Amino acid sequence: MAAFTTVEGIAAPLPAANIDTDVIMPKQFLKGITRGGLDRGLLHDLRFDEEGQPRSDFILNQPAWQGASFLVVGDNFGCGSSREHAVWGLMQYGVRALIGTSYAGIFFDNCARNGLLAITLPAADVAALQACAAQPYSNRLRIDLARQTIEAAGLAIHFDIDPLRKQALLLGLDAVGQTLALRDDILAFQQRHFEANPWLR
């Protein structure tokens with residue numbers, strides 16, 4: 001996983017509440033046996049019309065928001081089914097962080113396991129960031145994970161994050177990587193355990 005330290009980039013507002021995982025990654029993009037091509041599926045029915053042409057009125061298709069690194073989202077983002085493809089698609093598209101008031105539980109955990117920073121803030125802070133993101137002249141944010149800050153157009157907002165999730169993101173470690181980081185401690189415990197219980201060998 002790519003480490004997340006300090007990232008600066010374009011933010012796009014997606015203020016609608018209850019955007020579910022079928023909207024984030026429609027079911028027709030779940031057929032592959034690899035993760036390839038999921039960036040095309042991301043928010044497909046919002047980004048493209050029935051003929052597959054980009055919808056000019058959708059925020060991510062407008063020049064000032066193309067290549068967005070951050071999405072400032074509405075309440076309960078990622079509700080619905082537990083498909084991990086939704087997170088994979090966001091990351092393939094280039095999204096490094098989500099900012100919102102709340103997320104569906106399984107989706108939030110999938111973000112953490114795959115290195116996508118999901119920041120939870122009070123509604124007033126999210127509204128202020130959505131207002132910044134909605135204008136081309138103020139839509140760039142800077143997120144410093146070590147300091148737990150978001151900076152945008154004169155705003156400086158602090159966010160909370162679970163220390164274990166923060167450490168994993170800073171180091172670019174998934175669950176396996178976090179376990180392997182404790183390899184020496186695990187082997188030392190194993191050795192002590194077998195010495196105390198030799199019949200287990």
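Computation of the quantities below employed the complete heavy-atom set of this structure, encompassing side-chain atoms and omitting hydrogens, waters and symmetry-equivalent molecules. None of these values were measured; they are calculated from a predicted model.
D162 places a side-chain N or O within donor-acceptor distance of the main-chain N or O of L164, the cut-off being under 3.5 Å. Of the possible polar contacts, one joining the Y103 side chain to the I119 backbone as a donor-acceptor pair under 3.5 Å is found. For T21 (side chain) and S81 (main-chain N/O), a donor-acceptor pair under 3.5 Å exists by modelled atom type. Not a single donor-acceptor pair under 3.5 Å links the side chain of N61 to the backbone N or O of S56. At distances below 3.5 Å, not a single donor-acceptor pair connects side-chain atoms of Q148 with backbone N or O atoms of K166.
Figure legend: R40 and Y93 shown without cation-pi pairing, the cationic atom not lying both under 6.0 angstrom from the six-membered ring centre and within 45 degrees of its axis.
Annotation: side chain of R140 is in contact with side chain of E8 (closest heavy-atom distance under 4.5 Å). Under the 4.5 Å side-chain criterion, counting only non-hydrogen atoms from C-beta, L98 is in contact with F107. Residues I99 and V73 have side chains not in contact (no heavy-atom distance under 4.5 Å, counting atoms from C-beta outward). Contact of the V7 side chain with the R142 side chain is not registered, since no non-hydrogen atoms from C-beta on lie closer than 4.5 Å. Residues L155 and I150 have side chains not in contact (no heavy-atom distance under 4.5 Å, counting atoms from C-beta outward). Here the side chains of T120 and F159 are not in contact, with every heavy-atom distance at 4.5 Å or above. Annotation: side chain of I24 is not in contact with side chain of V87 (no heavy-atom distance under 4.5 Å). By the 4.5 Å heavy-atom criterion applied to side chains, I157 and L121 are counted as neighbours.
Here the shortest heavy-atom pairing between A134 and P136 reads O-CD, 4.1 Å. Of all heavy-atom pairs between A12 and L60, the closest is CB-CD2, 3.7 Å. Across every non-hydrogen atom of I59 and W65, the tightest pair is O-CB, 3.3 Å. Looking at every heavy atom in both residues, V72 comes nearest to Q130 through CG1-CG, 3.2 Å. Minimum heavy-atom separation, G9 to F70: N-CE1, 3.5 Å. Contact detail for A64 and N139: the closest heavy-atom pair is O-ND2, 2.9 Å.
Inspection of the E84 and N114 side chains reveals an N or O donor paired with an N or O acceptor under 3.5 Å. Judged by distance alone, the side chains of D75 and T101 do bring a donor and an acceptor atom under 3.5 Å apart.
Applying the salt bridge (charged side-chain N to carboxylate O under 4.0 Å, His left out) definition to pairs two or more places apart or across chains, none involves residues 87-105.
The local environment of CD1 in I106 is sparse, with at most 12 non-hydrogen atoms from other residues, nucleotides or ligands closer than 6.0 Å.
L116 and L141 end up in different hydrophobic clusters when Ile, Leu, Val, Met, Phe, Trp and Tyr side chains are linked at under 4.5 Å. One hydrophobic cluster, built from ILVMFWY side chains closer than 4.5 Å, cannot hold both F48 and L71; they sit in different ones. Placement of L46 and M91 within a single hydrophobic cluster is found when ILVMFWY residues are connected by side-chain heavy-atom separations under 4.5 Å, directly or transitively. With hydrophobic clusters built from ILVMFWY side chains whose heavy atoms lie under 4.5 angstrom apart, I161 does not share a cluster with F108.
Using a cut-off of 4.0 Å between Lys/Arg side-chain N and Asp/Glu carboxylate O, D144 and R147 are scored as salt-bridged. A salt bridge does not link D45 to R55: none of the charged side-chain nitrogens sits closer than 4.0 Å to a carboxylate oxygen.
With ring centers used as reference points, F29 lies under 6.0 Å from H44.
Relative ring orientation between H85 and W88 is described as tilted, the plane-to-plane angle lying within the 30° to 60° band.
For D22, the salt bridge (charged side-chain N to carboxylate O under 4.0 Å, His left out) partners at least two apart in sequence or on another chain are R83.
Taken from CG in L43 to CG in L90, the straight-line distance is 6.5 Å, to the nearest 0.5 Å. Between atom CG of residue L117 and atom CG of residue L169 there is a gap of 6.0 Å, rounded to the nearest 0.5 Å. How far CG of L170 is from OG1 of T6: 9.0 Å, rounded to the nearest 0.5 Å.
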Query - Pair D20-V23, side chain to side chain contact (heavy atoms under 4.5 Å, CB included): steps then yes or no - result: CA-CA 5 Å; D20 65 32; V23 172; 3.4 Å; yes

